[in-house]
Amino acid sequence: GSSGSPVISHQKGMIGFTSEGKGGSKYVETKILGIMSGHWWDKEPDKGMFFHSGLSYFTRANSIRDLLTA
């Protein structure tokens, strides 16, 4: 995603069932993990120009929450 986009974990599993179909639950609900913050730049050795490295980073939701409640 682009900077400012939410980073989420998607729902996994079915409520009330394990992967073996037995009782219990391995259900994981959707959660907001954080916000896309940017990406690392690599320097092209020949031209000295910068380009996207393919690696991005995000700010964790609990860090944002801590800043807002401080």
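Hydrogens, waters and symmetry mates play no part in the numbers below; they use all other heavy atoms, side chains included.
- The two residues S56 and M36 come nearest to each other via the heavy atoms CB-CE, 3.3 Å.
- Between T30 and H10, the shortest heavy-atom distance links the atoms OG1-C, 3.9 Å.
- Scanning both residues, F58 and L33, for their nearest heavy atoms gives CE1-O, 3.7 Å.
- Interatomic distance, CD1 of I64 versus OG1 of T69, reported as 12.0 Å (0.5 Å rounding).
- The side-chain hydrogen bond (donor to acceptor under 3.5 Å, both in side chains) test applied to S37 returns T59, not counting sequence neighbours.
- Listed here is the closest heavy atom pair of A61 and I32: CB-O, 3.7 Å.
- Remark: N62 pairs with R60 by the side-chain hydrogen bond (donor to acceptor under 3.5 Å, both in side chains) rule, at least two apart or across chains.
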